Structures are given as C-alpha cells and as structure tokens.
Trainee: 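Attaching a single structure in structure tokens format; questions to follow.
Quick caveat, the model's predicted, so the values are computed rather than measured.
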Amino acid sequence: MTKYNANCSTRSAGNCSRCRARFDAVEWVERKADKEDNIQIGSVRYLAGPSWRGWTLLAGLRAFEAEIRTADGRHVNTLPRSYGNGGPTVRNPATLLPALARKPNAWGESPLRGELPDGLAAHLDALDPRARRRELTMLHRASLASGFGNAVRAMTAIAEDGRTPDEASLLALARRIAQSDPPDPDDGPSNGSTR
C-alpha cells in the first residue's frame, strides 16, 4: 500500500520535494529519571539535567547521540551516545548552570566545580551568592552561544586577568575562542587601559 502525504496536492507517493523528510534512524525508549536526575539505558547512565527527578522521559537513541525529551515532546537534553559497560554518567556540564544560578549556595557541592579550571573555581568560590548567580548566568549564556568549553576558557582568561567579567566581553571572547582566534594579550587592562 502506498502512503501519501495528506498535505501534498500532487499525490506522488512521497517523491515530490515537498513530501520528502530526512530519514532518522532512532529508537525511542521510555525511562523514569532517578533521584539524581539520571536515566539508565542498558548499563549507561545519562544525566537528564536538574529538576527532572521522578519524571517519565523519552530517550531517542541515535548512532552518535542520545536525545532526551519529556512525554509531551519538550527537549530536555542531547548527549553523546555511549556504548559499553557502565562507566561514568554521560552529561553535559552546561545543563547544570541554570540550576546553580538559581541556587548559587549549592556551588560548593556541585559536580561542575571539580570540572572547571582551578583559577575559575577559586574565582567563583570567592564571590558572594548574588555575584556568583550573575556570573553563572553569564557563563550559561556564553555556553549557549559558543559552547561550554569556549565559554569556560573565556571566563577563565577574564578572571585570571583580574577583571570582573561582564556579559559583552565574555560573549565576544568566547566567540573569538570558538573561531580559533586566541585572546590578544594587549586586549586586557594589563596594558595600562582602565576598562
């Protein structure tokens, strides 16, 4: 039996350019998030992200990624696919930033703290909760725009230069790093400017 796209007036059995859809080899499985916001697929644990504890989630398993969605289709997280027996929980550190920005006093116990460079972690440790909230929010915005690793490198460079990060300079530097343009040593206040 030939299936037709109901929205196509040509009735060409999917051969029309308006009817074509990209083939997506994906297996969807339903899993319930545990008390640590993880879902387990086989022997591999994937971090759904903060605030999904106890939710029934859908995981779309592709060759190179695992996409996690709510039952009504909202996107939760996309992580690299892991094969093998167990190992560490697969996670995207950037997904922890919004929760840490909402609760900046949880910074000391966060698993993200150990993954950041020592200089940046010490800088965030020294901040009061309000300033930490502001900087974690900026780091999250920069990671959405340029990737988590690039945003961390940019904020580390700004903090190690002794400057207080502002959103414009953080976003600009993260974009430059993402484009493989290393920071110019003459750009900072070390050259005598008073930015």
Trainee: Output all residues satisfying side-chain contact (heavy atoms from CB on, under 4.5 Å) with V29, sequence neighbours left out; order by chain, then residue number.
Mentor: E27, R31, I41, A59, L61
Trainee: Counting N and O atoms only, with roles assigned by atom type, does the side chain of R81 sit under 3.5 Å from a partner on the main chain of A63, one being a donor and the other an acceptor?
Mentor: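 A pair under 3.5 Å: no.
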Trainee: Just by distance, do the side chain of R175 and the backbone of S146 share a donor-acceptor pair under 3.5 Å?
Mentor: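 Checked: no pair found.
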Trainee: Salt bridge or not for E115 and R113, using N-O below 4.0 Å?
Mentor: no
Trainee: Salt bridge between R45 and E36, side-chain N to carboxylate O under 4.0 Å?
Mentor: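 So R45 pairs with E36 through a salt bridge.
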Trainee: Does a side-chain N-to-carboxylate-O contact under 4.0 Å join R62 and D24?
Mentor: yes
Trainee: I'd like to know whether R134 forms a side chain to side chain contact (heavy atoms under 4.5 Å, CB included) with T164, so could you lay out the CA-CA distance, the side-chain angles of the two residues, the decisive distance to 0.1 Å, and finally the verdict.
Mentor: CA-CA 11 Å; R134 185 181 68 81; T164 301; 3.4 Å; yes
Trainee: Would M155 end up clustered with V152 when hydrophobic side chains under 4.5 Å apart are linked, directly or stepwise?
Mentor: yes
Trainee: Check for a donor-acceptor pair, side chain of N150 on one end and backbone N or O of A174 on the other, with a separation under 3.5 Å.
Mentor: no
Trainee: Is atom CG of N85 surrounded by more than 12 heavy atoms (other residues, nucleotides or ligands) closer than 6.0 Å?
Mentor: no
Trainee: So that I can tick it off, tell me whether D128 and R130 are bridged by a salt bridge, with the cut-off set at under 4.0 angstrom between side-chain N and carboxylate O.
Mentor: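 Looking at D128 together with R130, the answer is no, because their closest N to O distance does not fall below 4.0 Å.
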Trainee: Quick check for you: to the nearest 0.5 Å, what is the distance between R141 atom CZ and L139 atom CG?
Mentor: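 It is 11.5 Å, given to the nearest 0.5 Å.
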Trainee: Can you give each donor-acceptor pair under 3.5 Å made by side-chain atoms of residues 97-109, sequence neighbours left out, with the distance rounded to 0.1 Å?
Mentor:
residue	atom	partner	partner atom	Å
W107	NE1	D125	OD1	2.6

Trainee: Under 3.5 Å, is there a donor-acceptor pair between the side chain of T95 and the main chain of N92?
Mentor: yes
Trainee: Determine whether more than 12 heavy atoms belonging to other residues, nucleotides or ligands lie under 6.0 Å from atom CG of D118.
Mentor: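 Open: at most 12 neighbouring heavy atoms sit under 6.0 Å from CG of D118.
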Trainee: Would you say the side-chain atoms of T70 pair up with the backbone N or O of R74, donor to acceptor, closer than 3.5 Å?
Mentor: yes
Trainee: Could you verify whether a donor N or O on one side chain and an acceptor N or O on the other, from H123 and E135, lie under 3.5 Å apart?
Mentor: yes
